[in-house]
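These notes concern the structure reproduced below.
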Amino acid sequence: MISIDKDTLDSLLEKFRNEQQTLLPEVKLKNIFLTEKLRLVAGVDTAYWDAKDKTYGACCIVVIDFITHEVVEKVNSFGVVTIPYIPGFLAFRELPLIMDAVKKLTKQPDIYMFDGNGYLHHRHIGIATHASFYVDKPTIGVAKSYLKIKDVDFTMPDNHVGAYTDILIDNEIYGRTLRTTKSVKPIFISCGNWIDLETSTDIVMRLINKESRLPIPVRMADLETHVVRKKLQETL
DNA sequence: GCGACAG
DNA sequence: ATCTTGTCGC
């Protein structure tokens, strides 16, 4: 339902590329925290629907206790979404609602996990990395499918929990596939910012249960967006 | 023109 | 992402 004329879209893309280029030098793939001290992990996801010739979005953030896996807090935001989905520019579509939700948090997460890529991006600024500069916390990218970069495919990991294969492009590790559940498609993990890939993988694996191949915070945020959307479709 | 395409 | 039921396999 989103329609933008070509010139407007082109100028937007130009602006988006510049912002990604500007942020790139600030990305640091080193931990700025101790895993042993992690307490609150946030999962972020967004759902969409069309109504009245407009596209709406609902963003949910679920904060989980890293040790007990208890839900510590849930917040959401919603509204009209005007930026279309463009592969490689997901952050520009989702960040507005994400930040509206972040502002409602009363607890401050130690780390955020996003539904999408981080460093595993043609310019290394996928949504997880991009969002880190706005939430000012370490982030991890967790994607359910692979967005091909420079025509490089990924190698399927072995069929056992914890198996992984790194995604090497131009002699650099962009991210990795990770088998979180046996006989289920792997997910794609990548650093967001201020964290390394080993730690990202470790944190994700420690938040997996038999309910889903996705880590608990992201899975719960995903489910929550569906609940919120249904409620809003009946109300609004 | 055709295929690809995080969410 | 979203539209959608049953069904094959571990």
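Sequence lines set the chain letters: A, B, ... in the order given, protein chains first and strands last, and positions in each chain run from 1.
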Notebook entry, point to check: What orientation do A:Phe92 and A:Phe16 show, parallel under 30°, tilted 30 to 60°, or perpendicular over 60°?
Noted result: parallel

Next item on the list: Measure the acute angle between the ring planes of A:Trp194 and A:Phe133, then classify it against the limits of 30° and 60° as parallel, tilted or perpendicular.
Entry: perpendicular

Give the minimum heavy-atom separation between [X] and [Y], together with the two atoms involved.
X	Y	value
A:Leu214	A:Lys144	CD2-CG, 3.7 Å
A:Ser212	A:Thr181	O-OG1, 3.8 Å
A:Lys104	A:Glu73	O-OE2, 4.0 Å

Looking only at the side chains, is there a donor atom on one of [X] and [Y] sitting less than 3.5 Å from an acceptor on the other?
X	Y	value
A:Thr139	A:Asn193	no
A:Thr177	A:Thr165	yes
A:Glu94	A:His130	no
A:Arg176	A:Ser190	no
A:Asp202	A:Thr35	no

From [atom1] of [X] over to [atom2] of [N], roughly how many Å is that when rounded to an integer?
X	N	atom1	atom2	value
A:Ile83	B:dA6	CD1	P	18 Å
A:Leu147	B:dC5	CG	C1'	7 Å
A:Ile125	B:dG7	CD1	C1'	18 Å
A:Leu95	B:dA6	CG	C1'	14 Å
A:Tyr85	B:dC5	OH	C1'	5 Å
A:Tyr48	B:dG7	OH	P	11 Å
A:Lys144	B:dC5	NZ	P	16 Å
A:Lys185	B:dA6	NZ	P	11 Å

Checklist line | DNA chain C: stems of at least 3 consecutive Watson-Crick or G-U pairs whose donor-acceptor distances fall under 3.5 Å | finding: none

Checklist line | Protein-to-nucleotide contact annotation, 5' to 3' order, nucleotides 4-10 of chain C [B base; S sugar-phosphate only; - none; under 4.0 Å, heavy atom] | finding: -------

Check: Within less than 4.0 Å of OP1 or OP2 of B:dA6, is there a side-chain N or O belonging to A:Tyr146?
Finding: no

Check: For B:dA6, does OP1 or OP2 lie under 4.0 Å from any side-chain N or O of A:Lys148?
Finding: no

Select base, sugar-phosphate, or nothing to describe what [X] touches, counting heavy atoms under 4.0 Å on all strands.
X	value
A:Gly57	nothing
A:Asn117	base
A:Tyr56	nothing
A:His226	sugar-phosphate
A:Ile86	nothing

Next item on the list: Please step through side-chain contact (heavy atoms from CB on, under 4.5 Å) for the pair A:Arg213 and A:Lys185, ending with a clear verdict.
Entry: CA-CA 8 Å; A:Arg213 69 178 164 133; A:Lys185 288 188 302 182; 3.9 Å; yes

Margin query: Check for me whether the distance between the ring centres of A:Phe78 and A:Trp49 falls short of 6.0 Å.
Written below: no

Note to self: Give me the stems containing DNA chain B, sorted by first residue, counting only three or more consecutive Watson-Crick or G-U pairs with both distances under 3.5 Å; say none if there aren't any.
What the structure shows: none

Check: Between B:dC5, B:dG7, B:dA6, which nucleotide has the shortest distance from any of its atoms to the side chain of A:Arg93?
Finding: B:dG7

